[in-house]
**Student:** 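Okay, here's the structure, questions in a sec.
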There are 2 protein chains.
Amino acid sequence: MALSSTRTNASRAAVLAFLGTHGAASRAEIARSLEVSPALVTKLARELLADQLIIELTHSPSRGGRPAQLIGLASHDIGAIGVKVAPDHLTMVEVGIDGEVTHVETRDFEASSPHALATLVTAVSEVVKLSTRRTQLGIGVGIPGSVQEQSEHSVNSTQLGWTNVPLGSALQSATNLPVLIDNNVSALALAESLYGTGRGHDHFLVVTIGSGVGAGIVSHGSIIRGHSGNAGEIGHIPVTTDGPVCNCGATGCLEAAIKEESLVRQARSAGVIGPHDGIGALEVRGAAGDPRAQEVFANAGRLFGRAVAGVVNTLDPEIVIVLGEGAASWPLWAAGFEPAFRPALIPQKRGIQVVVEGWQDDRWAQGAACLILSTPFDDAGVSGKQGHLIRERLTTHAGAPS
Amino acid sequence: MALSSTRTNASRAAVLAFLGTHGAASRAEIARSLEVSPALVTKLARELLADQLIIELTHSPSRGGRPAQLIGLASHDIGAIGVKVAPDHLTMVEVGIDGEVTHVETRDFEASSPHALATLVTAVSEVVKLSTRRTQLGIGVGIPGSVQEQSEHSVNSTQLGWTNVPLGSALQSATNLPVLIDNNVSALALAESLYGTGRGHDHFLVVTIGSGVGAGIVSHGSIIRGHSGNAGEIGHIPVTTDGPVCNCGATGCLEAAIKEESLVRQARSAGVIGPHDGIGALEVRGAAGDPRAQEVFANAGRLFGRAVAGVVNTLDPEIVIVLGEGAASWPLWAAGFEPAFRPALIPQKRGIQVVVEGWQDDRWAQGAACLILSTPFDDAGVSGKQGHLIRERLTTHAGAPS
DNA sequence: ACTCCTTTGTTCACTCGTGAAGTTACTGTA
DNA sequence: TACAGTAACTTCACGAGTGAACAAAGGAGT
């Protein structure tokens, strides 16, 4: 076994990952989805069967031809760890290879503390240790910021106040698992394309609203990261000529105008909520029918709508997915969003579908875990050495108990 | 030969195209640029030498190791035709495989005429017939609009008033050459990445100003086209809440505010130029120092700067290239552009390079020709059957005269 | 029951491309 | 002048993946 581990056999891993994310499938279906020849899938399936990594299931009813022989994973006891790093808390999840979250854990965290890195490593290590799953493929981390050298170590994030923090190598040496780190919204987009609404769409946009504003861009089936990993920073699209000064230094940024903190400030100074009330109180007011509260959201919706329209015109996605803490109060946003958004699109795009997803807090962390689960599909090998390790774990340790 | 033509040998074509676009190079350099192994280049070079498609040139001086043996194309008498289709005129060029324009021809054209298609086909056929070049790889066409099914036939363009015009098949059957059609700005971006400033950059933005406003997006080395081929329509980013009604039906579109026609209208109603003067007169006024004319351009520059800043924040390109008829008067635009653009960027991007290219009118058509010249590099085979034909022509007909 | 059609899955010969190891031909240094 | 260092190129054995042809297993119409 030690000798044969040199050959990584990328497509073996891809087949396993496909069966995990998609569920049982026929050889023909796998070949079509992974865009390889049926001949290859036959060969791979034979090998994987011999290694007891997959099993043959029932035949599915024929649709005018030979009925398909479904194959599925021999063991679903495979998964990954996902970590969301926020300025004030950590969320860690364990997910199965089918994307389902099986364990959630949230802890307070102070990103600006000098012990932040050590605290994070300890917390993640504990989650790894506590896991009952037989095989963990790796640890995915989503951060509000960018990563130098995709899949490599150092992390930069203005929101966290981190510059060149060697998060990757620290986690890796502590847990002995492969580690991938990426921007949190990009990770979310990845999750949508594997398990969510983005499935089957080659071009879509994930936009998030909440404590910040961001976008994950999927084009031609893969994530757009940009030259320095900063793609998707739609929070700093200029939308007004006045408005508050953003912490990026500019005036009129989308984010400065519509992030939660800003909505709260507007509402407080207008006397809609008390000087110590937060976004929750504002939402309650709006839902209860207070027109001044509703106007705060509607105004944010209008600005957001115009900005997103610009992005849609520029990138031509097939659908737009709205996510984030703020999505919970979308009905309030929508009053301003829809009338601002649609008319500002080019005519061909005015019918574009906008999907608002119910928000669960663990979604970010689940997205981070998808960094791991999606590597086997990464033809270009962007994930480099870590990706290699993940594929190796998948094709080696994922067999049925013998 | 007929038998061996079944194997297309994609990388043979890629090597030839690389030598054409890049100039003579060593095997090692080719391997690095095309991201293949040196072993493969050795093998391919041997074959191509045997077929007399390439020749060995001088050794280049060593830089501390074995000196590189340069190889170059046996014949540079290879080229392509590029066609720019505008509402009122056609520009056709012949370019060499090195990207140089060797022949230009412009004709009046009425896109809305019922005979438009026939006229276009005749004009292009004549250029093909007149060509003295021994091998034409194909015909590239750039249109202001989108193409259904990349590399296939039918064309949609609101600017031309065309819906599902079978331009591709018409040109192909008339000339018996491979034909590729694409959006004109995307084609321009392709030209920049092959022969221009974009060379060596994996992420850049080409923005054009003039009778319209558009963008070509290159990300991770390839053109972003979007779900329905409409990516890059930055002309309809909303930038003002008032402003003239755009012909897309919306109010406040970038294009409606800053296209030439709009600048002229503003200048006329302000009395800066006479009621029958055009953009040329306005530029002369501005260059001569008329502050009112300068303000028209500066205002356009401001709007443009803010919009482009939003796009840069969203896509994180490495450089921005400004092109188009309007680029000739860039100094006038710049007065408004720079102070609006830089501060609106996220801090990491404030140093981004903006390159303004001197404008030649045949540039669009040259870009279109690059659709043909770039196909050998198209790994994914987006260009489909036509791409196949082009590669075949390149590896078959491109030999030295025997 | 028979034929035709459709779709799935398999076999086989073959090409493309690679990694590893070695060879060639220079520059720079003791 | 010998030696190490460096980079370009070559050879070779091997694996991954494919196209083409075929076999298998059903449905639908007659």
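As a basis for the values below, the full set of heavy atoms in this structure was taken, side chains included, without hydrogen atoms, waters or symmetry mates. Naming: A, B, ... by sequence-line order, numbering from 1 per chain.
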**Student:** Nearest whole Å is fine: how far is C/dG19 P from A/H388 NE2?
**Tutor:**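 Taking NE2 of A/H388 and P of C/dG19, I get 11 Å after rounding.
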
**Student:** Provide the closest heavy-atom pair for A/L137 versus A/R393 in the form atom of the first, atom of the second, distance.
**Tutor:**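 Looking at all heavy atoms of both residues, the shortest contact is O-CD, 3.4 Å.
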
**Student:** Return the 5'-most residue of the pair A/R46, A/P67 with respect to DNA chain C, ranking by each residue's nearest nucleotide.
**Tutor:**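 On the 5' side of the pair lies A/P67.
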
**Student:** Within the structure provided, determine whether A/T175 and A/I81 are in side-chain contact (heavy-atom separation under 4.5 Å).
**Tutor:**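 Side chain of A/T175 against side chain of A/I81, heavy atoms only: no contact under 4.5 Å found.
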
**Student:** Based on Watson-Crick and G-U pairs with both distances under 3.5 Å, what dot-bracket line describes DNA chain D 5' to 3', crossing pairs as [ ] and inter-strand pairs as |?
**Tutor:** ||||||||||||||||||||||||||||||

**Student:** Heavy-atom contacts under 4.0 Å between residues 20-32 of chain A and DNA chain C, which residues?
**Tutor:**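 Residues of residues 20-32 of chain A that come under 4.0 Å of DNA chain C are, in numerical order, A/S26, A/R27, A/A28, A/R32.
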
**Student:** Expressed as a whole number of angstroms, how long is the span from A/R12:CZ to D/dG17:C1'?
**Tutor:**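 Going from CZ in A/R12 over to C1' in D/dG17 covers 15 Å.
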
**Student:** Counting side-chain heavy atoms from C-beta on, which of D/dT10, C/dT11, C/dC16 comes nearest to B/S11?
**Tutor:**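 The closest nucleotide is C/dC16.
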
**Student:** So which protein nitrogen or oxygen atoms get under 3.5 Å of nucleotides 20-23 of chain C's nitrogens or oxygens?
**Tutor:**
none

**Student:** Considering residues at least two apart in sequence or located in another chain, which fulfil the side-chain contact (heavy atoms from CB on, under 4.5 Å) criterion with A/R46?
**Tutor:**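 In terms of side-chain contact (heavy atoms from CB on, under 4.5 Å), with neighbours along the sequence ignored, A/R46 is linked to A/T42, A/K43.
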
**Student:** State which residues pass side-chain contact (heavy atoms from CB on, under 4.5 Å) with A/V218; sequence neighbours excluded, sorted by chain then number.
**Tutor:**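 Testing A/V218 for side-chain contact (heavy atoms from CB on, under 4.5 Å), a comparison that skips the adjacent residues, returns A/A189, A/F204, A/I223.
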
**Student:** Touch check for B/V41, heavy atoms < 4.0 angstrom, all strands: base, sugar-phosphate only, or nothing?
**Tutor:**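 Counting heavy atoms under 4.0 Å across all strands, no contact is made by B/V41.
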
**Student:** How many Å lie between CG on A/L44 and C1' on D/dT18, as a whole number?
**Tutor:**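 It works out to 13 Å between those atoms.
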
**Student:** Which residue pairs pass the side-chain hydrogen bond (donor to acceptor under 3.5 Å, both in side chains) test when at least one of the two sits in residues 17-26 of chain A, sequence neighbours left out?
**Tutor:**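 Qualifying pairs, neighbours excluded: A/H22-A/E29.
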
**Student:** How long is the line joining CG of B/L48 and P of D/dC9, in whole Å?
**Tutor:**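 Spelled out: CG on B/L48 to P on D/dC9 is 15 Å.
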
**Student:** Quick one, B/V155 and B/V141 - any side-chain contact, counting heavy atoms below 4.5 Å?
**Tutor:**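 Sidechains of B/V141 and B/V155: no contact.
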
**Student:** Atom NZ of A/K43 to atom C1' of C/dC14: distance rounded to whole Å?
**Tutor:**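 Atom NZ in A/K43 sits about 11 Å away from atom C1' in C/dC14.
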
